K.L.:
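Could you have a look at this structure, given as structure tokens, before my questions?
What you are looking at is a predicted structure, and each value in this text was computed from that prediction instead of being measured. Ligands are counted one by one from 1 in listed order, and the atoms in each one are counted from 1 as well.
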Amino acid sequence: MNVGLVGCGTIAGQYLRTIDRLPELTLAAAADLDPARAGETVRSRPGARALSVDDLVTDPGVDVVLNLTVPAAHAEVAHKAVDAGKDVYCEKPLTATTAEARELLAAADAAGVRVGCAPDTVLGTATQTARKALDDGLIGRPVAATATMVTPGHERWHHHPDFYYAPGGGPLMDMGPYYLTSLVTLLGPVATVVGAASRPRAERTIGTGPRRGETVPVDVDTHVTGVLVHRSGALSTLVTTFEGVATTSPHLELHGDEGSLVLPDPNHFAGDVRLQRLDDEDWRTLPVSAGYEPAGRGDGLADFALTPPGVEPRASGRLAYHVLDVMESLLASAHSGQAVSLDSTCDRPRPVTFVPGADRTGPRG
Ligand SMILES: NC(=O)c1ccc[n+]([C@@H]2O[C@H](COP(=O)([O-])OP(=O)(O)OC[C@H]3O[C@@H](n4cnc5c(N)ncnc54)[C@H](O)[C@@H]3O)[C@@H](O)[C@H]2O)c1
């Protein structure tokens with residue numbers, strides 16, 4: 001698959017490492033609002049060209065458009081790809097709003113092209129080993145989960161953190177997709193949410209880079225909590241915040257009537273998954289039993305690109321739309337004080353079987 005990358009910023013480097021690692025993906029072209037960034041991206045890649053966005057999406061040498069622009073630009077760039085008849089895979093969140101996402105998915109269906117979306121961390125060994133444990137009945141009937149994301153804010157390390165504090169940003173829209181995509185992968189889609197949120201500071205000060213000391217306005221809630229009622233009846237309790245220094249709470253815990261699971265940071269692909277069953281005296285680490293390994297950002301793109309026609313890709317636009325709906329509904333609930341029932345739903349994505357040392361070219365099962 002020949003990849004046309006749009007948005008050559010901070011996260012692009014991680015994708016390029018994966019594209020370089022996987023024989024099934026080749027960088028064909030790159031584009032950015034800043035042409036110098038596109039030029040730099042293709043500099044050491046013979047055959048890859050720096051193009052304008054419009055030229056990239058219509059280029060016959062591009063099979064799939066990889067949209068790594070900022071969230072506010074996701075819809076515009078994705079529509080250009082769809083209008084040009086190209087599959088498109090976006091960074092998260094899929095778009096800034098569910099209204100934009102609905103339009104995009106409808107346009108893609110009408111054009112007969114597919115939309116995929118990050119995060120693909122859930123395809124790694126951590127979430128997939130937990131998924132297998134769950135599906136194998138190791139915790140019995142799943143009843144509840146807790147998900148906790150605490151950070152003081154990305155302006156401490158990101159040179160241009162403005163988008164994290166603009167609509168489409170905030171701790172929920174930025175980090176929520178990792179936690180919520182894991183929760184949907186594990187416990188299935190969500191029916192109803194109840195949210196609460198706060199916005200204690202009006203501005204943030206950039207802590208690093210050329211704009212260090214500059215302030216950015218805060219136009220989003222920076223502490224967002226809520227409860228998700230899954231269609232299965234399981235309840236997930238979520239905390240996402242840019243207002244905490246650190247936490248000792250696990251990133252993700254799952255509880256069933258026969259056992260509990262602790263998962264590592266869902267922003268990463270791998271890590272220990274621990275289980276304690278009713279009669280166990282302590283936690284034990286589960287052997288890796290499912291998921292892509294090694295894996296990095298972009299494995300979801302490979303999975304998407306190589307999913308046969310008629311089969312829903314694992315990192316699908318429909319899953320991302322449902323996750324976006326959960327997030328938007330949590331914020332709506334926080335502001336209205338009412339529970340919100342979701343219109344969207346999705347299937348639990350297909351699990352990833354573990355094939356140690358497998359030849360990973362060709363369609364992925
Ligand atoms: N930075 C991270 O650690 C990280 C991690 C995971 C996911 N993401 C996601 O990746 C995406 C990009 O984040 P980033 O940190 O790389 O941002 P960034 O600001 O560093 O880079 C974005 C790039 O997109 C370009 N761009 C913006 N609008 C464009 C448009 N309309 N057409 C062409 N180019 C455009 C910008 O010029 C910039 O080079 C976001 O959706 C973010 O949520 C970021």
Side-chain angles (χ1 to χ4, degrees), residues 4-18 29-42 50-58 62 65-81 83-84 88-97 100-101 104 115-124 149 151 153-182 206 208-211 216 220 240 242 265-269 295-301 315 317 320 323-324 327:
L5 190 170
V6 182
C8 308
T10 310
I11 203 60
Q14 291 190 32
Y15 277 84
L16 290 169
R17 279 198 289 283
T18 303
D32 196 288
L33 284 180
D34 178 354
R37 291 189 193 174
E40 182 57 27
T41 299
V42 299
L51 299 173
S52 69
V53 177
D54 290 341
D55 287 345
L56 180 144
V57 296
T58 52
V62 168
V65 174
L66 173 59
N67 181 1
L68 304 184
T69 59
V70 293
H74 285 178
E76 177 202 327
V77 170
H79 270 289
K80 285 189 176 180
D83 291 348
V88 58
Y89 182 94
C90 297
E91 245 306 331
K92 52 77 195 165
L94 178 56
T95 52
T97 65
E100 284 179 353
L104 175 64
V115 177
C117 190
D120 51 4
T121 43
V122 294
L123 306 182
M149 193 293 297
T151 168
H154 297 328
E155 73 278 11
R156 293 169 61 81
W157 59 270
H158 200 290
H159 289 193
H160 303 285
D162 314 59
F163 73 87
Y164 290 118
Y165 296 97
L172 181 65
M173 288 289 179
D174 177 51
M175 297 302 288
Y178 299 105
Y179 292 77
L180 295 169
T181 308
S182 281
I206 299 176
T208 185
R211 295 169 61 202
V216 295
V220 290
T240 62
F242 284 170
D265 187 347
N267 190 11
H268 299 146
F269 289 82
R297 288 182 210 270
D299 267 273
L301 168 66
V323 165
L324 182 60
M327 297 192 292

K.L.:
Given 3.5 Å as the limit, does a donor-acceptor pair link the side chain of T121 with the main chain of N267, or not?
P.N.:
no

K.L.:
Classify the contact between A118 and ligand 1 as side chain, backbone, both or neither, using a heavy-atom distance cut-off of under 4.0 Å.
P.N.:
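It is neither part, as no heavy atom is under 4.0 Å.
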
K.L.:
When you measure from atom 17 (O) of ligand 1 to every protein heavy atom, which one gives the shortest distance, and what is it?
P.N.:
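Among all protein heavy atoms, the one nearest atom 17 (O) of ligand 1 is F163 CE2, 3.7 Å.
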
K.L.:
Can you pull out the closest protein heavy atom to atom 26 (N) of ligand 1? Residue, atom name and distance to 0.1 Å, please.
P.N.:
T69 CG2, 3.9 Å

K.L.:
Starting from atom 42 (C) of ligand 1, find the nearest protein heavy-atom neighbour and note its residue, name and distance.
P.N.:
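Of the protein heavy atoms, K92 O, 3.9 Å lies nearest.
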
K.L.:
Which residue supplies the protein heavy atom nearest to atom 15 (O) of ligand 1, what is that atom called, and how far is it?
P.N.:
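Going atom by atom, the protein heavy atom closest to atom 15 (O) of ligand 1 ends up being H158 NE2, 3.0 Å.
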
K.L.:
Would you compute the distance between atom CD of E100 and atom NE2 of H74 and round it to the nearest 0.5 angstrom?
P.N.:
10.5 Å

K.L.:
Short N/O distance, under 3.5 Å, between R297 and ligand 1?
P.N.:
no

K.L.:
So, for V88 and A81, which heavy atoms are closest and what is the spacing to 0.1 Å?
P.N.:
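Nearest heavy atoms, V88 then A81: CB-CB, 3.8 Å.
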
K.L.:
State, to 0.1 Å, how close L51 and A31 come at their nearest heavy-atom pair, and which atoms those are.
P.N.:
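Looking at all heavy atoms of both residues, the shortest contact is O-CB, 3.2 Å.
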
K.L.:
Is H160 near ligand 1, meaning one of its heavy atoms is under 4.0 Å from it?
P.N.:
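Under 4.0 Å: no for H160.
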
K.L.:
In Å, rounded to the nearest 0.5 Å, how long is the span from OG1 of T97 to CE of M327?
P.N.:
11.0 Å

K.L.:
Nearest 0.5 Å, what's the CZ-CG distance between F242 and L172?
P.N.:
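The CZ atom of F242 sits 9.5 Å away from the CG atom of L172.
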
K.L.:
Just jot down the ligand 1 atoms closer than 4.0 angstrom to any heavy atom of V53, in number order.
P.N.:
32 (N), 33 (C)

K.L.:
Would you name the heavy atoms of C90 and A78 that are closest together and state the gap between them?
P.N.:
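Shortest heavy-atom separation between C90 and A78 comes out as SG-CB, 4.0 Å.
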
K.L.:
Report the nearest protein non-hydrogen atom to atom 21 (O) of ligand 1: residue, atom name, distance rounded to 0.1 Å.
P.N.:
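Looking only at protein heavy atoms, the one closest to atom 21 (O) of ligand 1 is G9 CA, 3.2 Å.
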
K.L.:
Where is the nearest protein heavy atom to atom 38 (C) of ligand 1: which residue, which atom, and how far?
P.N.:
R37 NH1, 3.0 Å

K.L.:
Between Y15 and ligand 1, which residue portion shows a heavy-atom distance shorter than 4.0 Å: side chain, backbone, both, or neither?
P.N.:
neither

K.L.:
Does an N or O anywhere in D34 fall below 3.5 Å from an N or O of ligand 1?
P.N.:
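No: no nitrogen or oxygen of D34 is under 3.5 Å from one in ligand 1.
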
K.L.:
Which of the numbered atoms in ligand 1 are under 4.0 angstrom from any heavy atom belonging to V6?
P.N.:
33 (C)

K.L.:
Taking side chain as C-beta onward, heavy atoms only, is D120 less than 4.5 Å from F269?
P.N.:
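Yes, side chains in contact.
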
K.L.:
Would you compute the distance between atom CD1 of I11 and atom CZ of R297 and round it to the nearest 0.5 angstrom?
P.N.:
4.5 Å

K.L.:
Give me the atom names and distance for the closest heavy-atom approach of G296 to T18.
P.N.:
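Heavy-atom minimum between the residues: C-OG1, 3.6 Å.
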
K.L.:
Can you tell which of L68, D174, T10 gets a heavy atom nearest to atom 12 (C) of ligand 1?
P.N.:
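Shortest heavy-atom distance from atom 12 (C) of ligand 1: L68.
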
K.L.:
With a cutoff of 4.0 Å, is Y164 in contact with ligand 1, counting heavy atoms of the residue only?
P.N.:
yes

K.L.:
What do you reckon, does H74 put a non-hydrogen atom under 4.0 Å from ligand 1?
P.N.:
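H74 counts as a contact of ligand 1 under the 4.0 Å cut-off.
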
K.L.:
In the protein, what heavy atom is nearest to atom 19 (O) of ligand 1, and what distance, to one decimal place, separates them?
P.N.:
V70 CG1, 3.7 Å

K.L.:
At their closest point, which heavy atom of C8 faces which heavy atom of T41, and how far apart are they?
P.N.:
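So the two residues come closest at CB-OG1, 3.2 Å.
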
K.L.:
Hey, what do you get for CG (D174) to NE2 (H158), rounding to the nearest 0.5 Å?
P.N.:
9.0 Å

K.L.:
Output the distance between atom CD (Q14) and atom CG (L68), rounded to the nearest 0.5 Å.
P.N.:
10.5 Å

K.L.:
Looking at ligand 1, does H159 have a heavy atom less than 4.0 Å from it?
P.N.:
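No.
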
K.L.:
Please work out which of L33, D32, I11 has its closest non-hydrogen atom nearest to atom 28 (N) of ligand 1.
P.N.:
L33

K.L.:
Quick one: look up the protein heavy atom nearest atom 10 (O) of ligand 1 and list residue, atom name and how far away it is.
P.N.:
E91 CG, 3.2 Å

K.L.:
Report yes if the side chains of I206 and P161 come closer than 4.5 Å at any heavy-atom pair, otherwise no.
P.N.:
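The answer is yes; the side chains approach within 4.5 Å.
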
K.L.:
Could you check whether any heavy atom of P71 sits closer than 4.0 Å to an atom of ligand 1, since that is the contact criterion I want to use?
P.N.:
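Distance cut 4.0 Å: P71 passes for ligand 1.
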
K.L.:
Quick check on contacts: which atoms of ligand 1 are under 4.0 angstrom from a heavy atom of Y178?
P.N.:
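Close to Y178: 5 (C), 6 (C), 7 (C).
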
K.L.:
Need the ligand 1 atom indices (1-based, order shown) with element for anything under 4.0 Å from a heavy-atom of A73.
P.N.:
28 (N), 31 (N)

